[in-house]
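Quick notes on the structure that follows.
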Amino acid sequence: MSSVRVRFAPSPTGFLHIGGARTALFNFLYARHTGGTFVLRIEDTDQDRHVEEAVQVITDGLRWLGLDWDEGPDRGGPHGPYFQSQRKDIHRRYVQRLLDSKAAYEFEDKERGGTVIKFRMTREPVTVPDLICGNVTRPLNDTEMRDPDFVIVRSDGAPVFHLVNVVDDIEMRITHIIRGEDHLSNTPKHIALYRALGAEPPKFAHIPLILNADGSKMSKSDKGAALHEYINAGYAPEAVRNFLCLLGWSPKSDVEILSLDQMVERFDLPQVQRHNARFDQDKLHWMQGQYMMKLPPERFVELGRPFLAKAGLLEGQPEDYVRRVLAIVQGKPKLFSELPEWTVFFFREDFPTDAEAVAKTFGGQPQAWDLLEKLRGCFARVSDWTHTALDAALRDLAKSLGVKPAALIHPCRVAVSGKAIGPSLFHMLEVLGKNRVLQRLAAAREHLQFD
RNA sequence: GCCCCUAUCGUCUAUCGGCUAGGACACCAGAUUCUCAAUCUGGGAAGCCGGGUUCGAUUCCCGGUGGGGGCGCCA
């Protein structure tokens, strides 16, 4: 194991931002690539929040993406506790050190009232050696020049983000801070804090931000900003992860589809983009489609089952039957949330029928009913109920009747599934089984509510 | 207001000074197909602007402009 130690330090707001998810991914990939350690630290400084569930949103989200941490909640580790709220003594100790060394001082704010502790910030420009942005030298700006020192402990005794963040990173021996570029301007403050505490600043790597499709900042209220939206919409973790890793990072080749192992192998900081990236829903959707087709069947079942269960389609269904159904619809729906509508007719007799499909297939051609009846007779004589035998039987019948196979296929599809689109007809018939198919063909006229 | 980052097809990106600027998504056209997809072939589509450096700049430097971020007793 190398000496690299990185961390993802989210605040439990009950919400995992897609940008945060990517930050976590980059940290994870860097840790795995270097053989280092990935730490998860929860920055729950705000007392009056229901952190229980909020923390779970984060841990569930990370696990969903397949990002496991080496130290953190549920796992512990040698540098805990991993909840900031449980580290108050440590923070207090460090504040005292700053006070003792005169790097910080108590300050009575006459205007607002109350006494705070302020850090004596350097007046000199500070250079941030950044692994992605290069050396960034930042002088104080006009407002900072007016009052360079900043508050590190509030009047209620609670230390602020800048302080606890730096202290925890020191204590947890973090070597590389990979975080959003929105923190770049504040990094001089952090470096000054490190110096005042006699600690070697870690390496910094500020990654570009994720923007909305129109280029505006992606904030919490924006559609598509939360990871759980993608989870609920039925995206595959593999697809989201793959898409996210390509936002602001490039493997420097034409490959687009990358397994986790390939990402880990190729990921490094110099290939991280320096400019912000817009979130391209279309590309994510395409990538999702790729995974929907190529996911191993077992994985497809694993990810699809919850959506079927939620729709109440799985009760009493044999496991093997479910697997066979999913095997033939794989690649058809683009999202797992669409799975129920693609498969209802496999699980219920009262499946919905698409009026438009019925009208189009039977509307202008009353002979379709006769053809359907003939097809039923034909199928009734098929003893080897396999898609190949059914395929052959149907084509033979079409030939002897002097019609195109399609004239039988379409009515049959609508009769057994209620819709015009679906998986390969013959595979559908095979999985549905002979009894059910013959029954549906016989009942087609009433069931399709057509006379 | 001040400070910082940034700038290649609509979008994500490749290019370590030599470019007829490559790939992917999306889009358009055709092929194929039992539906829907998928797949295949082809097409249109970019170096923000202005200076410099150089034999030569998309690539390096400066300025402008655009975009983003920061300047809290938020994180």
Side-chain angles (χ1 to χ4, degrees), chain A residues 9-13 43-46 84 107 109 112-118 125 128 130 132-134 136-147 150-162 164-165 180-189 206 208-211 213-218 243 246-257 270-271 273-287 289-290 292-293 329 331-334 342 357 360-361 391 394-395 398 404-410 412-414 417 419-426 428:
Chain A
S11 169
T13 56
E43 305 216 331
D44 54 341
T45 49
D46 254 67
Q84 208 155 63
F107 176 79
D109 191 324
R112 298 190 51 165
T115 301
V116 297
I117 296 176
K118 291 181 94 172
V128 181
D130 192 281
I132 294 168
C133 302
V136 177
T137 302
R138 231 213 79 177
L140 297 182
N141 64 35
D142 57 351
T143 57
E144 289 166 334
M145 202 68 93
R146 222 168 293 140
D147 183 20
F150 58 93
V151 173
I152 54 173
V153 178
R154 302 187 187 91
S155 54
D156 65 359
V160 307
F161 163 77
H162 299 303
V164 293
N165 196 258
E181 193 207 83
D182 49 341
H183 289 289
L184 182 56
S185 288
N186 281 323
T187 303
K189 285 180 180 148
H206 288 92
L209 269 22
I210 296 179
L211 271 28
D214 65 0
S216 62
K217 184 194 179 177
M218 187 180 267
F243 174 73
L246 256 21
L247 265 193
W249 172 74
S250 167
K252 302 289 179 188
S253 72
D254 288 343
V255 300
E256 305 268 355
I257 304 294
Q271 299 125 24
Q273 219 64 33
R274 306 165 74 142
H275 62 265
N276 297 338
R278 300 184 188 203
F279 197 92
D280 185 357
Q281 224 88 31
D282 282 338
K283 185 127 186 190
L284 168 60
H285 203 253
W286 167 78
M287 193 156 279
Q290 294 296 302
M292 286 301 259
M293 287 186 291
V329 295
K332 293 296 175 180
K334 289 289 173 242
W342 279 84
K360 194 182 171 203
T361 310
D391 193 328
L394 182 141
R395 286 177 201 282
K404 288 180 181 174
L408 293 167
I409 288 172
H410 297 309
C412 182
R413 172 185 295 285
V414 175
S417 74
K419 52 183 70 179
I421 60 171
S424 153
L425 175 71
F426 304 106
M428 247 164 71

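The chains referred to below are lettered A, B, ... by the order of the sequence lines, with proteins before strands, and numbering in each begins at 1.
Counting non-hydrogen atoms under 4.0 angstrom, G248(A) reaches the backbone sugars and phosphates but no base. Among the atoms of the strands shown, only primed sugar atoms or phosphate atoms (P, OP1, OP2) are found under 4.0 Å from some heavy atom of V151(A). Using a 4.0 Å heavy-atom distance criterion, H183(A) is classed as a base contact. Note on H162(A): a base of the nucleic acid sits closer than 4.0 angstrom, heavy atoms only. Residue-level contact check: R112(A) touches the bases, meaning some heavy atom is under 4.0 Å from a base atom. S250(A) comes within 4.0 angstrom of the backbone, heavy atoms only, and of no base. Contact annotation for G157(A): no contact, since no heavy-atom pair falls under 4.0 Å across all strands. Across all strands, E181(A) comes closer than 4.0 Å to base atoms (heavy-atom distances). Q273(A) comes within contact range of the sugar-phosphate backbone alone, with a heavy-atom separation under 4.0 Å but no base atom that close.
Between H275(A) and rU13(B) there is a side-chain N or O to OP1 or OP2 distance below 4.0 Å. Within the structure, a side-chain polar atom (N or O) of N186(A) is placed less than 4.0 Å from OP1 or OP2 of rC71(B). For rC74(B), one of the phosphate oxygens OP1 or OP2 lies less than 4.0 angstrom from a side-chain nitrogen or oxygen of R154(A).
Going from atom CG of L184(A) over to atom P of rG68(B) covers 17 Å, rounded to whole Å. Per the geometry, CG belonging to D147(A) stands 11 Å off C1' belonging to rC71(B), to the nearest Å. A straight line from CE of M287(A) to C1' of rU13(B) spans 12 Å, rounded to a whole angstrom. Distance CD1 (I152(A)) to P (rA75(B)): 14 Å, rounded to an integer number of Å. Protein atom CZ of R278(A) is 14 Å distant from nucleotide atom C1' of rA46(B), rounded to whole Å. Straight-line distance from the CD atom of E144(A) to the P atom of rC3(B): 11 Å, rounded to whole Å. Put simply, CG on N141(A) is 16 Å from P on rG69(B), counting in whole angstrom units.
Here the separation of rC5(B) from rG44(B), taken at their P atoms, is 40 Å to the nearest Å. When the C1' atom is compared between rG47(B) and rU15(B), the two are found 11 Å apart, to the nearest whole Å. The separation of rG22(B) from rU6(B), taken at their P atoms, amounts to 26 Å, rounded to a whole angstrom. Nucleotides rG68(B) and rU58(B) have their C1' atoms positioned 22 Å apart, rounded to a whole Å. Comparing rG43(B) with rG1(B), their P atoms sit 49 Å apart, to the nearest whole Å. As rounded to the nearest Å, rA57(B) and rC28(B) have C1' atoms that lie 34 Å from one another. rU65(B) and rC49(B) have their C1' atoms separated by 7 Å, with the value rounded to a whole Å.
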Applying side-chain contact (heavy atoms from CB on, under 4.5 Å) to N165(A) and E43(A), what does each step give before you reach the verdict? CA-CA 8 Å; N165(A) 196 258; E43(A) 305 216 331; 3.0 Å; yes
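Taking 3.5 Å as the limit, the base of rC3(B) and the side chain of S185(A) contain no donor-acceptor pair of atoms between them. Scanning atom types as modelled, no donor and acceptor separated by under 3.5 angstrom connect the side chain of N276(A) and the base of rG67(B).
Ionic pairing of D147(A) and K118(A) is present here: one or more N-O contacts between side-chain nitrogen and carboxylate oxygen are shorter than 4.0 angstrom.
In this structure, rA57(B) makes no Watson-Crick or G-U wobble pair, since no nucleotide meets both defining distances under 3.5 angstrom.
Every residue two or more places apart in sequence or in another chain that forms a ring-ring contact (aromatic ring centres under 6.0 Å, His included) with H183(A) is listed here: F161(A).
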Which letters describe nucleotides 20-38 of chain B, given B = protein heavy atom under 4.0 Å from base, S = only from sugar-phosphate, - = neither? ---BBBS-------BBBBS
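Under a 3.5 Å cut-off, the side chain of N276(A) and the backbone N or O of P208(A) do not form any donor-acceptor pair.
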